[in-house]
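This report refers to the structure that appears directly beneath it.
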Amino acid sequence: MDQNRNVVLFIASSLDGYIATKDESLEWLFKVEGEGDNGFSEFYDTVDTVLMGKKTYDWIMRHMDEFPYKNKECFVFTRSMIKDTENAKFVSVEITNFVNKLKSQHGKKIWIVGGGRLLNSFIQENLVDEFIITVAPTILGEGIPLFIEGDYQLDLSLKGTRNFNQFVELHYERKH
Ligand SMILES: NC(=O)c1ccc[n+]([C@@H]2O[C@H](COP(=O)([O-])OP(=O)(O)OC[C@H]3O[C@@H](n4cnc5c(N)ncnc54)[C@H](OP(=O)(O)O)[C@@H]3O)[C@@H](O)[C@H]2O)c1
């Protein structure tokens, strides 16, 4: 397998671990004063494949004029049968085989965009190699959780921290 073909979570979270409000708003995130693009384009250059859950895809389709990941191979996980579009392929097969197949092909890193529910499936199967979490200085109290309660424990090692003005980026690697 290509050693660099890690599956990487790159996501923004509130300080109390939510990725959106209950009604799927990200306004709390967009109003935080960061710095430049908060490391996004630097990270984006390291990936060639983008994975997301269907709810995240729906959010993008509702809020963005143009699909943001046109120049990458994009897979959307769903348990429904949905016809592929020019920008996204819909995947309803078992995730472990799918991801291992991707990792066995030569390429750059694989970005798991989220949301929490897809991430939970990946964590349960131990499929995430790196976690880059950009923490906003916001406590939401309730919302859509980044991590869902479950019967798992992941031991990570800290690779680095950076701050982008009001944001703090935490970069962890899974211990093998
Ligand atoms: N803060 C951030 O940086 C950030 C990043 C990403 C997303 N978000 C936000 O997160 C919210 C969505 O997160 P979410 O946790 O509710 O949903 P999600 O993980 O984006 O999507 C959940 C859906 O993905 C599919 N899915 C999940 N696990 C699967 C598996 N093992 N196999 C096949 N399909 C699977 C199912 O689709 P079906 O129901 O179609 O079967 C499930 O309902 C959105 O509001 C989005 O804006 C925030």
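Read the numbers this way: they start at 1 and go in the same order the structure lists the ligands and their atoms.
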Close side-chain approach of Arg162 to Phe167, heavy-atom, < 4.5 Å: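 Result no, sub-4.5 Å side-chain heavy-atom pair not found.
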Enumerated ligand 1 atoms positioned under 4.0 Å from heavy atoms of [X]:
| X | answer |
| --- | --- |
| Ala12 | 1 (N), 2 (C), 3 (O) |
| Trp59 | 45 (O), 47 (O) |
| Ser121 | 28 (N), 29 (C), 30 (C), 31 (N) |

[X]-ligand 1 polar pair, N/O distance under 3.5 Å:
| X | value |
| --- | --- |
| Trp28 | no |
| Ile11 | no |
| Ser13 | no |
| Val113 | no |
| Ile19 | yes |
| Leu26 | no |

Write out the residue and atom name of the closest protein heavy atom to [atom], then the distance separating them to 0.1 Å.
| atom | result |
| --- | --- |
| atom 21 (O) of ligand 1 | Lys55 N, 3.2 Å |
| atom 24 (O) of ligand 1 | Lys54 N, 3.2 Å |
| atom 19 (O) of ligand 1 | Leu118 N, 2.9 Å |
| atom 41 (O) of ligand 1 | Arg79 N, 2.7 Å |

Heavy-atom pair of closest approach, residues Ser13 and Ile133: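 For Ser13 versus Ile133, the nearest heavy atoms are CB-CG2, 4.0 Å.
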Between [X] and ligand 1, which residue portion shows a heavy-atom distance shorter than 4.0 Å: side chain, backbone, both, or neither?
| X | answer |
| --- | --- |
| Thr56 | both |
| Phe77 | both |
| Ala20 | side chain |

Begin with the C-alpha distance, continue with both residues' side-chain angles, and end with the deciding distance and a verdict on side-chain contact (heavy atoms from CB on, under 4.5 Å) for Asn87 and Lys70. CA-CA 6 Å; Asn87 296 318; Lys70 276 179 183 287; 3.5 Å; yes
Residues forming a side-chain hydrogen bond (donor to acceptor under 3.5 Å, both in side chains) with Ser41, sequence neighbours excluded: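 side-chain hydrogen bond (donor to acceptor under 3.5 Å, both in side chains) list for Ser41, sorted by chain: Asp37.
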Row check, Tyr44 ring normal vs Lys72 NZ/CZ: under 6.0 Å, within 45°: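 Yes, a cation-pi geometry.
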Would you mind checking if Asp58 and Arg62 are paired as a salt bridge, meaning a charged N to carboxylate O distance below 4.0 Å?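 Looking at Arg62 and Asp58, the cut-off is not met.
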Worked verdict on Cys74 versus Phe67 for side-chain contact (heavy atoms from CB on, under 4.5 Å): CA-CA 10 Å; Cys74 179; Phe67 194 70; 3.7 Å; yes
With a 6.0 Å cut-off on ring centres, are Trp28 and Tyr18 close enough?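 Aromatic pair excluded; centres sit 6.0 Å or further apart.
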Options Arg62, His63, Arg117, ranked by nearest heavy atom to atom 15 (O) of ligand 1, top entry: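 Going through Arg62, His63, Arg117 one by one, Arg117 has the nearest heavy atom to atom 15 (O) of ligand 1.
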Could you tabulate the donor-acceptor pairs under 3.5 Å formed by side-chain atoms of residues 137-153, not counting sequence neighbours?
residue	atom	partner	partner atom	Å
Glu142	OE1	Lys22	NZ	3.4
Tyr152	OH	Ile148	O	2.7
Gln153	NE2	Asp155	OD1	3.2

